[in-house]
Number of protein chains: 4
Amino acid sequence: MTDQTAFIPRKSPAQRRSRETVETILEAAARVLEAAGPAGFNTNAVAARAGVSVGSLYQYFPSKNALVAELSRRGAEAMLAALEAAMAEDGARTLEQDLRRIVRAAIGWQTARPQLERALDQMEERVGFDSAAHGVGLRVQTLIARLLAAHLPGAAPDQLNEAAADSLSLARTLIDRAVERGPIEARALEDRLVGMLIGYLGALPRP
Amino acid sequence: MTDQTAFIPRKSPAQRRSRETVETILEAAARVLEAAGPAGFNTNAVAARAGVSVGSLYQYFPSKNALVAELSRRGAEAMLAALEAAMAEDGARTLEQDLRRIVRAAIGWQTARPQLERALDQMEERVGFDSAAHGVGLRVQTLIARLLAAHLPGAAPDQLNEAAADSLSLARTLIDRAVERGPIEARALEDRLVGMLIGYLGALPRP
Amino acid sequence: MTDQTAFIPRKSPAQRRSRETVETILEAAARVLEAAGPAGFNTNAVAARAGVSVGSLYQYFPSKNALVAELSRRGAEAMLAALEAAMAEDGARTLEQDLRRIVRAAIGWQTARPQLERALDQMEERVGFDSAAHGVGLRVQTLIARLLAAHLPGAAPDQLNEAAADSLSLARTLIDRAVERGPIEARALEDRLVGMLIGYLGALPRP
Amino acid sequence: MTDQTAFIPRKSPAQRRSRETVETILEAAARVLEAAGPAGFNTNAVAARAGVSVGSLYQYFPSKNALVAELSRRGAEAMLAALEAAMAEDGARTLEQDLRRIVRAAIGWQTARPQLERALDQMEERVGFDSAAHGVGLRVQTLIARLLAAHLPGAAPDQLNEAAADSLSLARTLIDRAVERGPIEARALEDRLVGMLIGYLGALPRP
DNA sequence: GATGAATGAGGGTTCATTCAT
DNA sequence: TATGAATGAACCCTCATTCAT
């Protein structure tokens, strides 16, 4: 897979500076969210942490929610990338192998910055947009649905999408709980997740 | 078991009035939470909805959080009752039968007022007290742990408690998602939950 | 001086009960004030501490301020009694001897319940009535003024009253500060007070 | 002494605006305190009087108490300046001359805005921080203590500090009372204060 | 574009006082 | 008379968002 950014025309200095500011703000937002949780997450704190004025923050993000959304979108993008990478490896065969890939991607993603993802989970629910709201979350879901399709022959597209969404939610729940309890034993967690998902999928109504 | 309340002396008028007010406030709180979600849940709204002054609210609940906690406690109590009833039925044998009982209790509980329980989930996370904070949540967990113990011989108490907590979380997640999607098909949901839990528990490390 | 209460007709039981309730409330108020200071002094706390309903409290005291006023009045009454006793001893001669009597009475009064008197000082100032508001404070002041008159021949009545009021204020200030610092060395404090007052009075304009 | 402000670089517009707002708020706070006393002193009133929003007030003062503290700090600073100026005049010799200087500084300070200083006294007591809480009050006290040291040879540092604190309290009390009574006759008041302090200091235990 | 001062609605909580029982 | 539930005005403080410079 070629690096698409290589073909994007060089930004003008102003544009590059903009881009850097956006990144700075997002990273600051992430850190504030990690450190203070949803309750302590406010635009002033983010701007201060980013070393930028609130005004600038609002230049790039129309609202606080937009900031959260972008944070969450990026997380999903990382998940998407991991998932695509995992699926590109070779032809996967068994359900378990496929699930293992999904699960690994999810664990990798959520444990990279566990506090952040947990906090985002909570904020997303609060604000009322689930991760499928932005395209990326939807693409993740679709990818999983496609993956599941191979092992659930005859399932309707809606069913597959629901199964994919549920699987992801379940995985996130379990990972969140594990993260809460302390350092992760990735392998054991992976096994539990795979087992759980196999059980879940096995109980879906067959057409 | 005779009805003990029959022997409790009639409350004095004043006390009865208090009790009624408390109930009114709690019901109002539940409705506000259902209608407006965690974001729109504020003490003024609750008091207004209850047709009561804020002062009265604070006479019975020392803080907004205490109100949420009580709401959640009551929910957990309902769950506990359902669970105890289910377990008292007769001698349960298989893991699946036991899980089915747990799952039924959970579904019954969470679908009685689905919006409310969902909102409570979110508030609990936000405020940082999980349902185990009050005794009831803990008792639910303990009960489930005990139930699982019979089917996971040799598991350490800590493991059992974690398994119980995870099971409950997973169940709630799935039920929440189902509720979001619309009216529930209780039987199909139940099957999926049981399957999922069997899968999860089967993947736990054996001693 | 005859005991006037001896001639007050025996109270009916109801009246006695009333009187007791009043005393209970006042003592509770004093204790709350001592324990929580002006900031924590509120009618509900007083009623609770007295084991009485707020309603009852308002039966006997028309307002919170009335309660404080009565507390302060009683303190002043104690001071008055001490002062009268001191003056009745015999014919006082020198200024210093007279001042010593005043000062002793003041110390005795304010150190009997130091926290209480300090808190009252603060509340009185806040509420805006000085202790001369009720008759007793005035009588204390008048008594002191009369005492000073003997040593400030030719001073106008107004001057005497001002001197008396100032003397009392100064004494209270110094005693308060001493109380703040910890246990009192009554004798040393007394000396300082007397010295201070002599200095003060000596500097008054002579007619 | 040249005017140092002449050399301070012009503030940027934004900073100047801030500074002005701060001053506006402080002046409004002073006026509210003078007009309404401690009881009527609330942040909304201050903001309204300053023609500013509450938000602005809280941008510059983290709490209501911080506002009071700053007001009191500024008063103490004025007192400190007056005191230092008075002491720098020349080599003071007698106790009386030194006291006269202290007393003049105190009178000048407290009669500049008498209502304000009175109200501050009360609030400080209520809130529980005496003026020594901020450095300035302490420096005033230290300065007085040093001044007294020359006339109380052999006194321990603690004794000197107590004497300084007491002297200041006594002075403030007497000035407050004088202010209450109406327009001040500065010279007569000064004499009374000096006399009182000499009396007080003369009665301190000699080592 | 950038800044950060300013805004003000909103929300949690307290407490003196009233009044139906 | 006693009770204590109920009231609601007041108050402190926060924070998303705007806008003059």
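Just so you know, these numbers come straight off a predicted model, no measurement behind them. Order of the sequence lines fixes the chain letters, A, B, ..., with proteins taken first and strands second; residue numbering starts at 1 for each chain.
For the pair Ala28(C) and Val46(C), the tightest heavy-atom approach, listed with the atom from each and the gap, is CB-O, 3.7 Å. Taking both residues in full, the closest heavy atoms of Gly137(D) and Ala76(D) are given as N-CB, 4.2 Å, listed atom of the first, atom of the second, then distance. Scanning all heavy atoms of the two residues, the minimum distance from Leu57(B) to Thr43(B) falls at CD1-O, 3.7 Å.
In this structure, Asn44(C) reaches the bases: a heavy-atom distance under 4.0 Å links it to at least one base atom across the strands shown. Counting non-hydrogen atoms under 4.0 angstrom, Val52(D) reaches the backbone sugars and phosphates but no base.
Closest contact between the side chain of Ser53(C) and the listed nucleotides dA2(F), dA16(E), dC11(F) involves dA2(F). Checking dC13(F), dT13(E), dT17(F) against every side-chain atom of Tyr58(D), the shortest atom distance belongs to dC13(F). Nearest nucleotide to the Gln59(B) side chain, out of dC12(F), dT7(F), dA6(E): dT7(F). When distances run from any side-chain atom of Ser56(C) to the nucleotides dG4(E), dT3(F), dA2(E), the shortest one goes to dT3(F). Nearest nucleotide to the Thr43(A) side chain, out of dG12(E), dG4(E), dA16(F): dA16(F). Side-chain proximity of Asn42(A) to dA16(E), dA5(F), dC15(F): nearest is dC15(F).
Counting only Watson-Crick or G-U wobble pairs whose defining distances are both under 3.5 Å, the stems of 3 or more consecutive pairs in DNA chain F are E:2-21 with F:2-21.
Side chains of Thr21(D) and Tyr60(D): a donor-acceptor N/O pair is absent below 3.5 angstrom, by distance only.
In this structure, Glu34(D) does not pair ionically with Arg118(D), as no charged nitrogen and carboxylate oxygen lie closer than 4.0 Å. A salt bridge does not link Lys64(D) to Glu70(D): none of the charged nitrogens lies less than 4.0 Å from a carboxylate oxygen. Residues Glu77(C) and Arg73(C) are paired through a salt bridge, judged by an N-O separation under 4.0 Å between the basic side chain and the carboxylate. The pair Glu27(C)-Arg74(C) does not count as a salt bridge, with every side-chain nitrogen at least 4.0 angstrom from each carboxylate oxygen.
Between Phe61(A) atom CZ and dA2(E) atom P the separation is 12 Å, expressed in whole Å. Atom CD in Glu23(B) sits roughly 15 Å away from atom P in dA5(F) (whole-Å rounding). As a whole-Å value, the separation of Arg19(D) CZ from dA6(E) P is 14 Å. Between the NZ atom of Lys64(B) and the C1' atom of dT13(E) there is a distance of 12 Å, rounded to whole Å. The distance between atom OH of Tyr60(C) and atom P of dA2(F), rounded to the nearest whole Å, is 4 Å. Put simply, CD on Glu20(B) is 12 Å from P on dT21(E), counting in whole angstrom units. Here dT18(E) presents its P atom at 12 Å from CG of Leu57(C), a figure rounded to the nearest Å.
Within the 4.0 Å cut-off from OP1 or OP2 of dG4(E), not a single side-chain nitrogen or oxygen of Ser18(D) is found.
Nearest-nucleotide positions on DNA chain F place Phe41(A) closer to the 5' end than the other of Phe41(A) and Gly55(A). Nearest-nucleotide positions on DNA chain E for Gly51(D) and Gly40(B) put Gly51(D) closer to the 5' end.
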